[in-house]
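Atom set for the values below is all heavy atoms of this structure, side chains included, hydrogens, waters and symmetry mates excluded. Everything quoted here is computed from the prediction, not taken from an experiment. Chain letters run A, B, ... following the sequence lines, proteins first, then strands; residues in each count from 1.
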Protein chains: 4
Amino acid sequence: MSQDAPAPPKRGRPRSAAARRKALDAAREILVRDGFGRLTIEAVAQASGVGKPTIYRSWSNAQELAMEALLEAAPDAPLPGDGAAPREALTALLSRIVRAFATTRGRQIAMALATADPDSEFTRAFRNRVILESREAGRRLLLSAVARGDLAPPADMDALLDMIFGALMFRLLAGHRPLDPALAHAIVAQVFGSPSGPPLGTDAAPT
Amino acid sequence: MSQDAPAPPKRGRPRSAAARRKALDAAREILVRDGFGRLTIEAVAQASGVGKPTIYRSWSNAQELAMEALLEAAPDAPLPGDGAAPREALTALLSRIVRAFATTRGRQIAMALATADPDSEFTRAFRNRVILESREAGRRLLLSAVARGDLAPPADMDALLDMIFGALMFRLLAGHRPLDPALAHAIVAQVFGSPSGPPLGTDAAPT
Amino acid sequence: MSQDAPAPPKRGRPRSAAARRKALDAAREILVRDGFGRLTIEAVAQASGVGKPTIYRSWSNAQELAMEALLEAAPDAPLPGDGAAPREALTALLSRIVRAFATTRGRQIAMALATADPDSEFTRAFRNRVILESREAGRRLLLSAVARGDLAPPADMDALLDMIFGALMFRLLAGHRPLDPALAHAIVAQVFGSPSGPPLGTDAAPT
Amino acid sequence: MSQDAPAPPKRGRPRSAAARRKALDAAREILVRDGFGRLTIEAVAQASGVGKPTIYRSWSNAQELAMEALLEAAPDAPLPGDGAAPREALTALLSRIVRAFATTRGRQIAMALATADPDSEFTRAFRNRVILESREAGRRLLLSAVARGDLAPPADMDALLDMIFGALMFRLLAGHRPLDPALAHAIVAQVFGSPSGPPLGTDAAPT
DNA sequence: TATTAAACGAGACGGTACGTCCTGTCTTGGT
DNA sequence: ACCAAGACAGGACGTACCGTCTCGTTTAATA
């Protein structure tokens, strides 16, 4: 991505990895302690002892720095074993997301997403990594459920996925109801049908 | 709560409705023309000819002013006649929302929501007015569909509503796929079942 | 001066003397407590319970109000009996001025004088009342001293008076040396000559 | 006092002398053109193209900036040759001061002095430079006059100096009489005695 | 005694300036 | 060549007062 120069002559002093680290750590701490609105380059430079120009060399504004800090802090999605029962696996996945979002960081991620330039390369990377990765895990689970006959093949898989993951983000942002684990179960029940009754959206008899 | 002063004598010069109007109009124009990031109290004062302190007297920061401006500009939800077929009515409702969000204003609303203090009274009012009103219209439509037997009663109505409306917001914010009218149809199909086949979540299925 | 309107019909409610009083009292207290820089119309209105327009009806800005408040507070110069020995009377007069200026008020008077529009009618009145009245008393004392033969008739009486009173103001403003009672005696000695020895500036040998 | 850091390493970008210059020049021009009351940090920043924070880095308020601008503009006191006749030299010195004060700047200096915090370090420096330097020149002239026998040794030299220079300031501030060159001559005559006749306060006034 | 006009308190108005904060760039001296 | 430090121009922030302008309420002279 930044390697398109085939022969980087590597002149001069190389960038200090330590400086990046200190900046990211300071940024993360500020995010956690004071929230997104206080994450200024000035404050990060102050707190980390890294010079402002050095920070600007790595990130072009506070949003990008925030995103990378959040992205780092994101749990590295140990996605549930695909061998398990898809319904339970999806429930587990959504529950993990709920728990992650329930912290302050969830809102910060949402703010970062909403505030950032939607077309920036960084924003795209962030979306892919933080948001859509889980969505793809969900897709795999739904496909395996369909393969096992637990779920009728949905007419529009993408729309279904957006309904599932959008519900979480909607609760988080609109805040009209708490974002709690019960939602994960309710969503799964809605998709697969009630545990006892016939599954949602399928006419395939339980057999 | 607001009834403790039974006869507030209304001393002093009353607030000027004209000043509020000019400020809101200028704010709206700036939002449309330059986006949320440029909506500065300074700029609004400049553009509207209203003094800064006067603006601060009515709104305590740029977010609040932005919200009221967006809120005003929000279409006054001419909700579909509840007598019509609920499935078509829901499709129409979601399509209208998609069209509204597809404009710049959609992202602005999302940014305002994400950026603002989630506990502020203004934020709450904004959520109720702009976000949850449509959700309630959706609830009414789903209930009437259930009453007509078009839809199996969902186990968790709130979760279902959040899935429906969350999908729209998710597409808007994550931006991984376009927020287009096809999504409205896909969501409705997912909820009610494919047009020809048996509806989703119906118990009409089992045989 | 304000009588050029031949028939002031004096209809309507007359100005409230109480409002003037409250404003002046509040102004004086603020001057004493917080100094000249804090004497704002706003603060006086707040502290006195008098409305801002009412204050502006009587004084056209904070300087004028300050001046009138200071002027009121000025000791009503019970000038020394002209029958007494002029030299001692002048010493007493200057000592009194030193004492008055040594308080915070002295500086405030100087600030008011320096800050105010030099051509305003109010400033002229203030100067006449607060500054020049003492100067005229001094002139009378010098004249009587000349009449008694205690003092040679000065070539330029006005210049001499300005030297006497200017010395006080100079110490007050420049602050290079304290404005203390010793100065009053030193000035008198300078003008009349040392009590025992020959007067100042003469080359007449001490005999 | 300023020696506790023996080797201040002077890190970071040094202050720009050009910025200071531009600010001071703009300040001086505003003082001359519009007067002390219009000397706003805002206006200086505007007129000079220097950022407000940069100005605040060098001066902590408008008074200090005004003082430094006035101080710069002050004529560098080419004090009269001490070898000349002291009486004529003193007359020349006072005349020069009268001429300097007769301009707008005189009043501005007085306003700056009166308005500023009397204990600020800047105010002290200003006083020393602008006010007291001339006074010291006057002291030297008087001493040499005494040495030559032109003048009887005054009982209190400081008081005499304050009378001489205070007279100028008094006329300037009180404004009861013009501050014109005649005053310089009158003061000198008062101190040294009339050129022809016997000096002031002499016992030549017999009987 | 009733009318009525002016002054009253309150406080919002359009402004100006304040002094602080942060942005993103630039310029030092020190590894 | 990169680093930290920090000054730079710019610009928005939210506050304080300015002096003016309604408001609705006294209040006292007049009619």
- [ ] Check whether any side-chain heavy atom of D/Trp59 sits under 4.5 Å from a side-chain heavy atom of D/Leu24, and report yes or no.
- [x] yes
TODO: Could you identify which residues of residues 34-46 of chain C place a heavy atom less than 4.0 Å from some atom of DNA chain F, listed by residue number, or say none?
DONE: C/Thr40, C/Ile41, C/Glu42
Open item on the list: For nucleotides 6-11 of chain E, give me one character per nucleotide, 5' to 3': B if any protein heavy atom sits under 4.0 Å from the base, S if the only such contacts are to the sugar-phosphate, - if neither.
Closed with: BBSSBB
Open item on the list: If the condition is salt bridge (charged side-chain N to carboxylate O under 4.0 Å, His left out), which residues does A/Lys52 pass it with, not counting sequence neighbours?
Closed with: A/Glu42
- [ ] Find which nucleotide of DNA chain E each of D/Tyr56 and B/Ser58 is nearest to by heavy atoms, and output the residue with the more 5' nucleotide.
- [x] B/Ser58
Open item on the list: Rounded to whole Å, how long is the line connecting atom CG of B/Leu65 with atom C1' of F/dC13?
Closed with: 15 Å
Open item on the list: Tell me if a side-chain donor or acceptor on A/Thr54 pairs with a main-chain N or O of A/Val50 at a distance below 3.5 Å.
Closed with: no
Open item on the list: Do B/Ile55 and B/Leu65 make a side-chain contact, defined as non-hydrogen atoms from C-beta onward lying under 4.5 Å apart?
Closed with: yes
- [ ] Rounded to the nearest angstrom, tell me the gap between atom CH2 in B/Trp59 and atom P in F/dC13.
- [x] 14 Å
Open item on the list: Could you check whether any side-chain heavy atom of B/Arg20 comes within less than 4.5 Å of a side-chain heavy atom of B/Glu68, counting everything from C-beta outward?
Closed with: yes
Task: Contacts of type side chain to side chain donor-acceptor pair (under 3.5 Å), residue A/Glu64, not counting sequence neighbours - done: A/Ser60
Task: Results of side chain to side chain donor-acceptor pair (under 3.5 Å) for B/Asp25 - residues two or more places apart only - done: B/Arg21, B/Arg28
- [ ] Map B/Ala62 and C/Ala62 onto DNA chain F by nearest heavy atom, then report which one ends up closer to the 5' terminus.
- [x] B/Ala62
TODO: Only counting residues at least two apart or in another chain, list the ones meeting side-chain contact (heavy atoms from CB on, under 4.5 Å) with C/Thr123.
DONE: C/Met67, C/Leu113, C/Ala116, C/Ser120, C/Arg127
Task: Separation of F/dC13 P from B/Asn61 CG (nearest whole Å) - done: 10 Å
